[in-house]
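To start, the structure under review is shown below, and the notes come after it.
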Amino acid sequence: MAIHLTKESKILVQGMTGGEGMKHTRRMLAAGTNVVGGVNPRKAGRTVDLHDRPVPVFGSVAEGMDATGADVTVVFVPPAFTKAAVTEAADAGIGLAVVITEGVPVHDSVAFLDRARKRGTRVIGPNCPGLISPGQSNAGIIPADITKPGRIGLVSKSGTLTYQLMYELRDIGFTTCVGIGGDPVVGTTHIDCLAAFQEDPDTDLIVLIGEIGGDAEERAAAYIRDHVTKPVVGYIAGFTAPEGRTMGHAGAIVSGSSGTARAKQQALEAAGVRVGRTPTETARQVLSVLDSGA
């Protein structure tokens, strides 16, 4: 009942001994996540007690993987060091790198994403909340107590809207919720998650959350039309946004009809996706589809 992250996942945290890394490692552990170590070359050999559990600190991702069998890393390092951290993880051969860091220069993202693809490492992010498979594992900063395991898959550009839809649909629950991030360049796309949810036998319905700017949602609509047989419900943030401006972390530049919420809605609806104009309306659409058995 999950994509990309399960109860079997063994997680390293790069930057665990920093303030944000420590705080969110505690939260991940409290959610039952199997955090097997941190990575900080300056503090290698130490053991940190978190939730009465000793967590070792390794000098490198490769060392942590050798010692623990880790297959996931969560990256909590400053933007200036993110390229080096993800490159190190990819070169070590880790399967999944979840990059929480905000403010990573685009040219750095392009470089480490290219390296990760060549090494076979899936990257989620940067500038993302991570992903959670409720009741199994939580890699990142998504609150673990606002939903439960269920049969909905969720993929979202927006962290805040990820949390809201999780809460709105908490009585039904989710297989996995993936916050892919809203930067201009990200490692995992809507299409990647749509494909995985389509193949997951325990996901009955997919929720897709997008934002104004770019054409990711239009490309996702084309993929849904050609490859997805499960029902999809969508929401696009920015129906009331003014044209011709850059808005928030989405880096969304809207010009004419290109990149607008309306254009994305039309593309998705043409592919058979029900699109809500608010998160609450979107949640009601999900309930309607599930009730109808469509």
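None of these values were measured; they are calculated from a predicted model.
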Note, I180 side chain near C193 side chain (heavy atom, < 4.5 Å)
yes
Do E211 and S158 make a side-chain contact, defined as non-hydrogen atoms from C-beta onward lying under 4.5 Å apart?
yes
Heavy-atom pair with the smallest gap, counting every atom of T175 and D202:
CG2-O, 3.3 Å
Evaluate the side-chain proximity of L290 to R151: yes if any heavy-atom separation is below 4.5 Å, no if none is.
no
Is there a path of hydrophobic side-chain contacts, each under 4.5 Å between heavy atoms of I, L, V, M, F, W or Y residues, that connects L194 with V233?
yes
Going from CZ on R117 to CZ on R122, what distance comes out if it is rounded to the nearest 0.5 angstrom?
11.0 Å
Test: R170 cationic atom under 6.0 Å from Y167 six-membered ring centre, within 45° of axis
yes
How far does CD of E102 sit from CG of D183, to the nearest 0.5 angstrom?
7.5 Å
Please tell me if the side chains of M28 and V13 come closer than 4.5 Å, counting only heavy atoms from C-beta onward.
yes
Roughly how far apart are Q198 CD and I206 CD1, rounded to 0.5 Å?
6.0 Å
Is there a donor in the side chain of R274 and an acceptor in the side chain of S288, or the other way round, less than 3.5 Å apart?
yes
List the atom of T280, the atom of E168, and the distance in Å for their closest heavy-atom pair.
OG1-OE2, 2.8 Å
Starting from L50, can I reach I100 by hopping between I/L/V/M/F/W/Y residues whose side chains sit under 4.5 Å apart?
yes
To the nearest 0.5 Å, what is the distance between NZ on K264 and CZ on R219?
8.5 Å
Of all the heavy-atom pairs spanning V275 and E281, show the shortest one and how long it is.
O-OE2, 4.2 Å
Are V48 and V77 connected into the same hydrophobic cluster when the rule is that any two of I, L, V, M, F, W, Y join if their side-chain heavy atoms are below 4.5 Å apart?
no
Beyond-backbone contact of I236 with L268, side-chain heavy atoms, under 4.5 angstrom
yes
N127 side chain near V104 side chain, heavy-atom distance below 4.5 Å:
no
Knowing that exactly one of T188, V75, V86 qualifies, which makes a side-chain contact (heavy atoms from CB on, under 4.5 Å) with V123?
V86
Smallest separation among heavy atoms of V185 and P126, with atom names
O-CD, 3.7 Å
Find the distance between CG (N138) and OG1 (T176) and round it off to the nearest 0.5 Å.
11.0 Å
Mind checking whether I124 and L12 sit in one hydrophobic cluster, side chains of I, L, V, M, F, W, Y counted as touching below 4.5 Å?
no
Quick one: SG on C177 to CG on L131, what's the gap to the nearest 0.5 Å?
9.0 Å
Identify the two heavy atoms, one from A283 and one from L169, that lie closest to each other, and give their separation to 0.1 Å.
O-CD2, 3.8 Å
What's the shortest heavy-atom distance between V74 and A139, and which atoms?
CG2-CB, 3.8 Å
A side-chain contact here means heavy atoms from C-beta on lying under 4.5 Å apart; do F76 and I141 qualify?
yes
Using side-chain heavy atoms (C-beta onward) and a distance below 4.5 Å, is D108 in contact with T82?
no
